[in-house]
Student: 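Could you have a look at this structure, given as structure tokens, before my questions?
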Amino acid sequence: MHISEGVLTAPILVTGAVTAVSGVAVGLKSMKDCQIPKVAIVTAALFVAALIHVPLGPTSVHLVLNGIAGIILGWQVFPAFLVALVLQLLLFQFGGLTVLGVNVVLMATPAIICYYLFKSVFNLSRQQDSTYLLGGAAFICGGLAIVISTLIMAGVLMLAEDSFLQLARVIIVSHLPVLVIEAVLSMLVVVFLLRVKPQLLEEF
Amino acid sequence: MSKNKLLRISVLCLVLLLAVTVGVQAHRMIVEEPEDGQVKARFDDGSVAVGADVSLYDIQDELILEGETNEDGIFEFEAELEPHRVVAQDDAGHRAVWESGAEPSALDALPMWVRAALGIGILIILGALTTFFKSGSN
């Protein structure tokens with residue numbers, strides 16, 4: 001889900017960079033000292049997720065994990081994606097330096113939307129046994145994050161040249177297996193955390 | 001079936017699913033060196049770039065030919081053209097450039113797992129240093 005160097009025009013790159021810097025600033029400002037290890041671990045997972053890819057016909061797509069990262073980190077997902085994408089760029093030549101801001105926005109913005117969606121469900125479910133409800137919310141967030149990411153990606157690429165509908169269809173269809181895997185994975189991680197370390201999800 | 005058992009079975013199924021589908025390489029487009037009037041665009045997970053737009057440029061960086069890769073990720077052209085630079089791009093935002101005489105990255109020589117381990121090591125060091133200096137300043 002990375003856009004490569006040389007595909008986008010300068011105004012899109014600048015807009016992406018400014019948005020990413022704003023998101024990172026908010027994330028860093030809201031980060032408490034005790035949250036640093038949690039952010040580092042999730043960043044490592046985001047970094048490695050790009051190596052896990054699903055064969056799809058003649059090509060393949062890789063995991064993103066932005067839904068579950070958003071649920072766990074909130075606004076800190078912006079600095080987490082920035083660091084993960086810089087390392088992927090340096091070590092795997094994924095994406096590019098000028099397109100870094102756009103790629104951060106592409107993956108972190110859906111994560112923030114999922115964070116607020118999950119937070120509202122979490123606050124609604126405080127009074128009851130809510131494992132199934134929160135597992136379902138995480139399932140939806142995991143899939144929704146991929147859908148939003150693909151729509152942003154199609155929109156950004158459309159601004160560069162092609163038609164939105166054609167691009168959105170191609171990108172969403174190619175990411176359907178990832179959408180299903182991420183939805184299931186997000187649900188399992190949230191259910192697991194609720195049983196093993198619920199404090200991680202009680203900071204809402 | 002108890003909740004715990006259901007959870008364990010679900011985790012096991014997911015691990016098995018990932019074990020079947022997981023590769024150990026990233027997903028970056030690569031244009032191979034043109035040979036005998038053919039140039040191949042592929043991804044570094046081994047899959048080929050089907051239907052990618054390919055542009056050939058001469059040494060003055062003038063466009064000499066454009067076209068699309070076939071189902072094998074190959075674009076054919078007249079061998080006499082001898083392109084100096086080849087650019088491939090697909091609809092999903094992947095783009096790759098091959099240029100005559102360009103040196104490959106030294107990191108490409110390292111296996112993928114070494115680079116992944118290096119990245120995780122850097123993250124651990126970053127996390128540890130940040131925690132150390134933050135706790136020191138408090």
Side-chain angles (χ1 to χ4, degrees), chain A residues 1-8 33-34 36-37 39-41 43-44 47-48 50-63 83-84 87-88 90-96 99 103 106 131-132 153-154 156-157 160 162 166-167 170-171 174-175 177 181 184-185 187-188 191-192 195, chain B residues 3-4 6-7 10-11 13-14 17-18 20-30 42-51 71-73 87 89-97 105 107-108 110 112-116 118-128 130-131 134-135 137-138:
Chain A
M1 192 167 278
H2 301 61
I3 297 176
S4 301
E5 198 88 80
V7 175
L8 302 176
D33 293 358
C34 61
I36 293 171
V39 176
I41 289 169
T43 306
F47 168 70
V48 174
L51 303 181
I52 299 172
H53 60 125
V54 184
L56 185 82
T59 183
S60 67
V61 286
H62 63 80
L63 294 186
V83 174
L87 285 175
Q88 285 174 359
L90 294 175
L91 297 169
F92 308 134
Q93 290 90 51
F94 245 49
V99 84
N103 280 332
L106 183 71
T131 306
Y132 288 120
M153 189 176 188
V156 164
L157 291 173
D162 287 308
Q166 186 192 349
L167 277 171
V170 168
I171 299 170
S174 67
H175 281 83
I181 290 178
V184 175
L185 194 64
M187 180 186 70
L188 291 176
V191 172
F192 181 74
R195 289 175 184 224
Chain B
K3 284 182 185 178
N4 276 334
L6 187 67
L7 184 66
S10 307
V11 170
C13 289
L14 190 78
L17 176 69
L18 290 176
V20 172
T21 58
V22 162
V24 286
Q25 292 167 320
H27 198 215
R28 174 173 60 113
M29 189 189 266
I30 293 171
R42 61 176 177 87
F43 296 101
D44 64 358
D45 60 4
S47 58
V48 295
V50 180
E71 67 272 14
D72 297 319
V87 179
Q89 186 171 328
D90 69 5
D91 286 341
H94 298 108
R95 186 176 187 270
V97 180
S105 164
L107 274 172
D108 284 343
L110 288 175
M112 189 59 75
W113 68 268
V114 173
R115 285 183 266 168
L118 186 61
I120 292 171
I122 291 170
L123 283 170
I124 291 170
I125 293 168
L126 270 180
T130 314
T131 308
K134 282 265 190 180
S135 60
S137 64
N138 289 339

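A quick note: this is a predicted structure, and the numbers were derived from the prediction, not measured.
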Student: Minimum heavy-atom separation for R95(B) to G6(A), with atom names?
Tutor: NE-O, 3.5 Å
Student: Between L126(B), I120(B), L110(B), I124(B), which residue shows the highest count of heavy-atom pairs closer than 4.5 Å to chain A?
Tutor: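 If we count pairs closer than 4.5 Å to chain A, I120(B) comes out on top.
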Student: What pairs with A44(A) under side chain to side chain contact (heavy atoms under 4.5 Å, CB included), at least two apart in sequence or on another chain?
Tutor: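 Result, side chain to side chain contact (heavy atoms under 4.5 Å, CB included) vs A44(A): L123(B).
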Student: Taking all non-hydrogen atoms of both residues, which atom of G127(B) and which atom of A40(A) are closest, and how far apart?
Tutor: CA-CB, 4.3 Å
Student: If you look at every heavy atom in A116(B) and L51(A), which pair is closest and at what distance?
Tutor: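 Heavy-atom minimum between the residues: CB-CD1, 3.6 Å.
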Student: Can you give me the closest heavy-atom contact between R115(B) and F47(A), atom names plus distance?
Tutor: O-CZ, 4.1 Å
Student: What's the separation between atom CG in L118(B) and atom CG in L90(A), rounded to the nearest 0.5 Å?
Tutor: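 Output value for this atom pair is 9.5 Å.
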Student: Using side chain to side chain contact (heavy atoms under 4.5 Å, CB included) as the criterion, list what pairs up with I36(A), not counting sequence neighbours.
Tutor: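 With sequence neighbours excluded, I36(A) shows a side chain to side chain contact (heavy atoms under 4.5 Å, CB included) to M31(A), T130(B), T131(B), K134(B), given in chain and number order.
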Student: For I41(A), which atoms come within 4.5 Å of any heavy atom of chain B: side chain, backbone, both, or neither?
Tutor: neither
